[in-house]
Amino acid sequence: MTDQEVRLPEEETDRPTKGRLDRRSFLKLGSVSGAAAILAACAAPPPAPTAVPPTSAPQAQVPTPAPSPVVVTEKVEVPLISEVLPYPRLKIATLNDLKNGVFGATYPDQLSPIQVLKLGKKVPGGVGPDEDIVAYSGLCTHMGCPMNYDPATKIFVCPCHYSHFDAEADAILISGPATQNLPRIILEVEGQDIYAVGVQGLIYGRPHNLSLTEL
Amino acid sequence: MPVYRPADRLVLPPVDAEKYQTVCHYCIVGCGYHVYKWPEGRSGGLLPDQNALGVDFTKQVAPLSGDWIAPAHHSIITERDGRRYHIAIVPDKECVVNKGQHSARGGSLGSSLYRPDGPTHVRLTHPLVYRATEQVPTTWDDAIDLAARVIYGSIQRDGNNSIFMKIFDHGGGGGGFENNWAVGKFFFNAVQTINCSIHNRPAYNSEVHASRDMGVPELNYAYVDAELADTIVLWGANSYESHTNFYLVHMLPNIQGTTVNAKKDARPGEQVGPGRIIIIDPRRTATVVVSEQAAGKDRVLHLQLNPGTDIALANAIARVVYERQWHDKDFVANRVEAETVQPFLDQSLQISKSLDEVLAEAEKITGLSRTQIEQAASWIAETKSDGTRPRAIFLYEKGVIWGLKNYENIGSIVNLTLLTGNFGKPGTGCGRLGGHQEGYVRPGYPGPRPAPYVDDLLSQGQGNVFYVVGCNPAVTTLNAQRMRETLQTRGKLVRDALDANFAADNATKARAILDAVKQGGLFIIVQDIYPTETAKHAHVVFPAAAWGESPITSINGERRLRLYEKFMDPPGIAEPDWKILGMLAQRIKALAQADGNADIAQRFSGFEWKTAEEVFLEGGQSFADGVKASTERYKGVDYAFLKAAGNNGIQTPVTIVNGKPQGRVRFFENGEPFYTESGKAKMLPTPWPGFPAIVQEQINKYPYFLTNGRNNNWQTLYNDMNMPFFAERTPLPYIEISPEDAKKEGLQPGDIVRLFNDYGETMAYTVVSTSVKPGVIFMLFAHPRATTNSLTTPYVDPAVIIPYYKGSAIGLQRIGRLADLDARLTYKPTNFDKVV
């Protein structure tokens, strides 16, 4: 990855402005799951304790204390649970990179391999001049093995337990033990440049897709 | 049209989430899971001491670690009192069956749960009674009362056998020891009818009578034996898809060579190496293709025989083994009844003919080459260079069981196993793989063998009451079109009687119903979790509790008995099957007592169970002690024991040693006797019978042999149509047709076709695949919108009344295309093979 300046998603006129959160405030409030979690890596976390065995009847729960209010200069609104994650807009390839039909990249962070594909036929949501450029997570949604892509058949094959996904059909599972179609990377094309701007579905191994993104 | 994708985030279980142990409710493999449950609005955090899994989610979870929660594992449920909870159902890493892995089925257990705000809201929640042209919700008392009056009146006037039933007998979801005991006690002890049939066949019988008659209970191996064998023989089974984790966790490592050290430990002093696999299947399935890719073609022998010709193949392989003197002479001499050997040699091996003659005949029947048959015999039985015998494990399933002649199909495979001495040692065995899990405990069935062919009798107008529990014969019985017509036509006479008496009380209605059945009507009771195609014909519908909504116990294919804990309420006022039958029995008893009918009152006594464990323990008492233990024997074990034993449970049959329950890894070790009077196994004469006339008639008339089965991501009606990930990928069933036949018929992938023969008609979309040879078509079965079983013949093996589902013939006609299928499906074949 070249060191591109990370830009936040632009405000779009048809998107609701209510509930949008600026980057700093988002980080300080923690993950969208609501717990006061620490996103930035620091010292090694303590070793995992053994799981607490269940009590025979559920005890009344003491509510988790709400995070301390953050003092910021801009106005902050609490994100709605249905709001999108603040996916970064990152250039991941150029049209020229796809002359062989496939190009490996990473998005939204370097531990998330993706395959950018030029399918040779127009598909729904395909970008570029021929509306045939798509991209998917390269990690199998079964148990996270990096997959092989066969440009001849346009099929992702996982070498671990052989889940197969059809890149020409929105990466639907053809067959296999996976329970999720491959996450799809949302793309935009600007001139010769291909940008990744979001993800549909959940990438393997994450509590949410931006858990490893340095924002 | 984008495919279904879940949200891009999880809610993690907090450290104090409730945690339950359970086993997946789907297939025989029975993988272990943990269920985490925590209130909506709460969440665990990313650090290991902040979530119940103890995983560090601030880092990328490693592949193959089993540390992630896939979205499909998760749901939000609503309990009866309105409180909402997150549920995450996660594979158990400590369970020796699946070792933290999940299949497509187990990995989506979360998505299968009832929730009133999701697609599974269609679950049956209340009893329904047919009233004034509709099925209308009512109370338990009301529905039970009507059904009880009709059953009681029918027994009194027309005898016990006027009550027909078709009910599950398996374990796992929709079954289990508790529910099986209640069903058996109700129908065999109380009603005492012989007109019973099982969820997937039209009579009351075993799917494997031959094996049992030969002295071999059909679950005699452990999963570890597939890791230790030299040769795995998969017969009529597509285990990558249908027994996924048995294949991936236990078979694949063997043929990939990673179990060699374990073999050295278990089989000291023997020459061991990576295993090999023989796959006997008329289709080139995903199991074949994956095995070749994973282990190399030199370790995989696919015998792509003509459909239905298994007996001829088994006989031919056995003849080669015998001819080459590769058989286990000591074993045959000491552990097989001597007088059964000669008929086997004469009729199965055709000893009076030369080997060349026999193999030429086998080639003609099976479509295989002599070389292939001889190679199979060599892999199974040829003495190794160190002078030791190879060990082979024979695993068969529905291709054999629903095959041309169930009895000799199975007999011929057991023969081969006996001939080669492959019992009673690690790495050996001969058993069925299984479909569902098992969980059979019942009083004895009071009927004859062969049992009555219930579907036939119903279509002829016999029976007053048809009580259907946990199955869907309108879709899945053989010759299903005839069943639907029967339910429709005969059910209508009862509906008309009810319409004519819509203002009356139950007593009057019951009398009207009994009049109607005398004129040919049929009173239909359905007990299920969903409103099935069969349920829509019912006059009374009882809503049943599903997996996770009441505790059950079951065993898997290696007889591993576990407790499947309850972790949520059933929907509405649904109840477990054992409780419903208990209510019904108590009501019949009360009616009989009011009548002064002491005999019937006595028969319907003893159904006052309050808990699932009571039923479990009562059933357990029915097992006899002694050496030849029933496969399922669990007497001496209770829920507390099973809770402590976790997801590894105990392998049945259980024996109590010094007061402690002890399990059994495999059968027939150390000279343990076979299950015959003599203690020696019997061989069975298995001459090749040819095709049954009624099937041959269709084959002569129609151009394509039709077989059917399931696939990795289709588990039948059960839950799939109400789970978006599955439902959207299979809106209709498909056929697999060879590239040559597709070209001949002018078919493209995705074309909609009409399929027909003398027995019925249905439709499907087209997948062009190398899985089938020219002349053969495969169809995905049990689809509620279009069922392959409309095209099966009514043929059953007359010795055992087991259908030949896998054998029919059809014509086809292209109809056109459906644009929405083109937009959202893939037509690339599920056997992963390139179509040239």
Side-chain angles (χ1 to χ4, degrees), chain A residues 31-39 41 45-54 58 61 64 85 111 124-125 139 141-146 153 155 157 160-162 164 166 168-181 183-184 199-202 204-209 211-212, chain B residues 1-12 15-16 18-20 39 42-50 52-58 60-64 66 68 70-72 101-104 107-108 240-241 244 248 286 290 293-294 711-713 725 729 823 825-826 828 830 832 834:
Chain A
S31 75
V32 293
S33 59
I38 303 160
L39 287 176
T50 36
V52 175
Q61 302 291 355
T64 332
L85 292 173
L111 291 180
L139 295 179
T141 49
H142 177 225
M143 295 185 86
C145 297
T153 57
I155 294 178
V157 181
C160 290
H161 310 105
Y162 300 93
H164 283 51
D166 184 359
E168 291 184 295
D170 203 22
I172 194 172
L173 176 74
I174 296 170
S175 179
T179 56
Q180 186 190 169
N181 303 310
R184 178 161 181 165
V199 182
Q200 290 174 330
L202 181 60
Y204 174 83
R206 312 295 179 91
H208 62 82
N209 286 334
S211 61
L212 299 183
Chain B
M1 206 182 295
V3 296
Y4 174 77
R5 291 195 164 86
D8 56 1
R9 65 202 68 184
L10 296 174
V11 180
L12 298 172
V15 168
D16 58 353
E18 295 170 49
K19 185 178 177 186
Y20 300 88
R42 292 205 55 221
S43 170
L46 302 184
L47 292 179
D49 62 346
Q50 296 175 334
L53 301 178
V55 169
D56 184 359
F57 283 103
T58 67
Q60 173 73 32
V61 168
L64 302 173
W68 192 49
Q101 288 192 39
H102 69 76
S103 74
S108 52
Y240 171 76
E241 301 201 53
T244 304
L248 288 175
V290 168
Q293 286 180 14
N711 75 19
N712 208 342
N713 307 99
F725 174 73
R729 33 184 304 109
L825 296 186
T826 178
K828 294 183 186 171
T830 58
F832 306 148
K834 294 186 177 59

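Nothing here was measured: the structure is a model prediction, and the numbers come from that model. By convention in this document, chain letters (A, B, ...) are assigned in the order of the sequence lines, proteins followed by strands, and residues within each chain are numbered from 1.
For B/A294, the parts lying near chain A are the backbone and the side chain together; criterion is any non-hydrogen pair under 4.5 Å. In this structure, the portion of B/F725 lying under 4.5 Å from any heavy atom of chain A is its side chain and not its backbone. Only the side chain of A/L139 comes within contact range of chain B, with heavy atoms under 4.5 Å apart. Proximity to chain B involves both the backbone and the side chain of A/I174, based on heavy atoms less than 4.5 angstrom apart. Contacts of B/L248 with chain A are made by side-chain atoms alone, with heavy-atom separations under 4.5 Å and no backbone atom involved. With a 4.5 angstrom heavy-atom cutoff, B/A7 touches chain A only via backbone atoms. If you measure heavy-atom distances from B/E241 to chain A, the contacts under 4.5 Å come from the side chain alone.
Using a distance-only test at 3.5 Å, with no hydrogens or angles considered, a donor-acceptor pair links the side chain of B/Y240 to the main chain of A/H161. Listed for the B/Q60 side chain is a donor-acceptor partner under 3.5 Å among the backbone atoms of A/Y204.
We find the NE2-NE2 distance between B/H102 and A/H142 to be 4.0 Å, quoted to the nearest 0.5 Å. The CG atom of A/L173 sits 4.5 Å away from atom CZ of B/R729, with the distance rounded to the nearest 0.5 Å.
Of the listed residues (A/L212, A/T153, A/N181, A/N209), the one with the most heavy-atom contacts under 4.5 Å to chain B is A/N181. Comparing A/C160, A/G176, A/A178, A/P146 by heavy-atom pairs within less than 4.5 Å of chain B, the highest count is held by A/G176.
A/D170 places a side-chain heavy atom less than 4.5 Å from the side chain of B/R5. The closest side-chain heavy-atom distance from A/L202 to B/W68 is below 4.5 Å.
Pairing each heavy atom of A/C145 with each of B/P63, the nearest pair is N-CB, 3.9 Å. In plain terms, the two heavy atoms of A/P207 and B/L46 that are nearest each other are CG-CD2, 3.5 Å. In plain terms, the two heavy atoms of A/T179 and B/A72 that are nearest each other are OG1-CB, 3.4 Å.
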List the steps, then state whether side-chain contact (heavy atoms from CB on, under 4.5 Å) holds for B/N711 with A/S175.
CA-CA 8 Å; B/N711 75 19; A/S175 179; 5.8 Å; no

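A parallel orientation is assigned to the rings of A/H164 and B/F832, their planes being inclined by less than 30° (bins at 30° and 60°).
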